Amino acid sequence: MMVTAEKLGDGLYRLTTGPGSYDSLIVEFRDHIMMLEAGQSEARALAYIAEAKKLIPNKPIRYVMNTHPHSDHTGGLPALVAEGATIITHRNNEEFFERALNTPRTLLTDTLAKNPKKANVEAVGDKKVYSDGTRTVEMYHVAPVPHSNGLMVAYFPKEKILFQGDFSLPAPGQPANDHVAALAPVLDRLKLDYDRYINVHASAEPQTKADLTKAVAARK
């Protein structure tokens, strides 16, 4: 699986496998790496882990952020748990992950079955900030939205980047769907000053806050 890395800032990269990809971000902190989203499948998660270690050598992947618990956003998590990463997710998802990932695994090719480790979950409420004084990532619960009651976005204030899952923008000139329309007022309320709008589901071209605004305006 061919992984391409886009540098978004110092110690901040977007990992993608091209069209149809589930993208992840990796963030370099002083003594560890944080990965945002686990790549959808075990194969992509393993490829992203390898790329993270190449881009940021000699630091462990301590955290993996999960935007929400739908199956296409959780399939790569066992590989990250086997790597020793703690799952950051909204507290509405905490019990599900602790039960799902800490039961016996019987697939012999499963990465976590080959390297059993207890899944540790760090639950987030409305907001949590991760920072080492140089790099900062802010996690926010997004509610109310119809897609999931345990959905989070990540915001990078220095780079002015918003990272989110399943709020895919339509083609230019087309109206936003109900999910994006529900996200927009939440972001307005949070007063997040972002320019780049990055979706876990890879977009054909880089997207911006202006693209989101236009898509929502097209509904009216």
Side-chain angles (χ1 to χ4, degrees), residues 1-8 12-28 33-56 61-83 85-90 93 96-97 100-101 107 109-112 119 121 124 137 139-140 142 145-148 150-156 159 161-171 176-177 179-180 183 194 196-208 211-212 215:
M1 188 174 289
M2 182 66 69
V3 178
T4 301
E6 176 192 2
K7 187 172 183 179
L8 302 170
L12 176 61
Y13 301 88
R14 178 179 70 96
L15 305 183
T16 185
T17 57
S21 173
Y22 281 66
D23 292 352
S24 294
L25 302 190
I26 54 171
V27 191
E28 180 182 9
I33 299 168
M34 175 188 287
M35 182 179 290
L36 287 81
E37 280 282 310
Q40 183 245 356
S41 67
E42 183 177 41
R44 190 178 282 109
L46 291 170
Y48 284 174
I49 289 169
E51 185 70 11
K53 291 179 177 180
K54 186 169 72 174
L55 291 167
I56 308 171
I61 301 174
R62 185 174 296 170
Y63 296 107
V64 56
M65 176 263 206
N66 167 260
T67 59
H68 62 298
H70 293 172
S71 60
D72 59 329
H73 292 262
T74 58
L77 286 175
L80 272 299
V81 172
E83 193 68 23
T86 293
I87 300 168
I88 300 170
T89 193
H90 188 259
N93 312 324
F96 167 73
F97 281 127
L101 291 167
L107 294 174
T109 58
D110 182 283
T111 303
L112 189 54
V121 178
V124 174
V137 185
M139 311 284 189
Y140 292 92
V142 179
V145 292
H147 196 66
S148 168
L151 205 154
M152 295 198 310
V153 298
Y155 171 61
F156 297 81
E159 295 83 5
I161 291 171
L162 184 80
F163 180 69
Q164 46 69 41
D166 282 0
F167 293 107
S168 301
L169 299 183
N177 62 23
H179 304 297
V180 174
L183 173 67
Y194 68 97
R196 182 81 178 267
Y197 180 89
I198 299 179
N199 195 350
V200 174
H201 299 268
S203 58
E205 300 292 338
Q207 295 177 328
T208 66
D211 294 324
L212 171 66

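This chain uses plain numbering: 1 for the first residue, then up along the sequence. What you see is a predicted model; the values in this text were computed from it and never measured.
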message: Salt bridge or not between E37 and R14? Use side-chain N to carboxylate O under 4.0 Å.
response: no
message: Between the side chains of E83 and K53, is the shortest nitrogen-to-carboxylate-oxygen separation below 4.0 Å, so that they form an ion pair?
response: yes
Taking the side chain as everything from C-beta on, heavy atoms only, tell me whether [X] gets closer than 4.5 Å to [Y].
| X | Y | answer |
| --- | --- | --- |
| I26 | L15 | yes |
| D23 | V200 | no |
| L212 | Y194 | yes |
| L169 | V180 | yes |
| P78 | L101 | yes |
| L25 | F156 | yes |
| Y13 | L8 | no |
| T208 | R196 | no |

Return the [atom1] to [atom2] distance between [X] and [Y], rounded to the nearest 0.5 Å.
| X | Y | atom1 | atom2 | value |
| --- | --- | --- | --- | --- |
| M35 | Y48 | CE | OH | 9.0 Å |
| T89 | L151 | OG1 | CG | 9.0 Å |
| L80 | I49 | CG | CD1 | 4.5 Å |
| T16 | M2 | OG1 | CE | 12.5 Å |
| I33 | I56 | CD1 | CD1 | 4.5 Å |
| N199 | Y22 | CG | OH | 10.0 Å |

query: Is it true that a side-chain atom of Q164 and a backbone atom of I198 form a donor plus acceptor pair closer than 3.5 Å?
result: yes
query: Is the backbone N or O of Q40 less than 3.5 Å from a side-chain atom of D72, with the two atoms forming a donor-acceptor pair by type?
result: no
If you look at every heavy atom in [X] and [Y], which pair is closest and at what distance?
| X | Y | answer |
| --- | --- | --- |
| S24 | G39 | OG-N, 3.5 Å |
| A45 | A79 | CB-CB, 4.0 Å |
| N177 | S168 | ND2-O, 4.3 Å |
| V137 | A154 | CG1-CB, 4.2 Å |
| G150 | P69 | O-CD, 4.3 Å |
| V81 | A119 | CG1-CA, 3.8 Å |

- prompt: Under the criterion side chain to side chain contact (heavy atoms under 4.5 Å, CB included), which of V121, L36, T74 is the partner of N66?
  reply: T74
- prompt: Quick one: are the ring centres of H147 and H70 less than 6.0 Å apart?
  reply: yes
task: Evaluate side-chain contact (heavy atoms from CB on, under 4.5 Å) for V145 paired with F167, printing each intermediate quantity in order.
output: CA-CA 10 Å; V145 292; F167 293 107; 4.2 Å; yes
How about [X] and [Y]: does a side-chain donor come under 3.5 Å of a side-chain acceptor?
| X | Y | result |
| --- | --- | --- |
| T17 | R44 | yes |
| D166 | H201 | yes |
| E42 | T111 | yes |

query: Could you go step by step and tell me if L77 and F97 meet the side-chain contact (heavy atoms from CB on, under 4.5 Å) rule?
result: CA-CA 10 Å; L77 286 175; F97 281 127; 3.4 Å; yes
task: Dump the intermediate steps for side-chain contact (heavy atoms from CB on, under 4.5 Å) on I88 and M139, then the final yes or no.
output: CA-CA 9 Å; I88 300 170; M139 311 284 189; 4.3 Å; yes
message: Angle between ring planes, H73 versus H68, binned at 30° and 60°: parallel, tilted or perpendicular?
response: tilted
query: side-chain contact (heavy atoms from CB on, under 4.5 Å) between M65 and M152: does it pass, once the steps are laid out?
result: CA-CA 9 Å; M65 176 263 206; M152 295 198 310; 4.2 Å; yes
message: Once ring-ring contact (aromatic ring centres under 6.0 Å, His included) is applied, do any residues pair with Y197, and if so which ones, sequence neighbours excluded?
response: none
statement: Residues passing the side chain to side chain contact (heavy atoms under 4.5 Å, CB included) test with A50, sequence neighbours excluded, are none
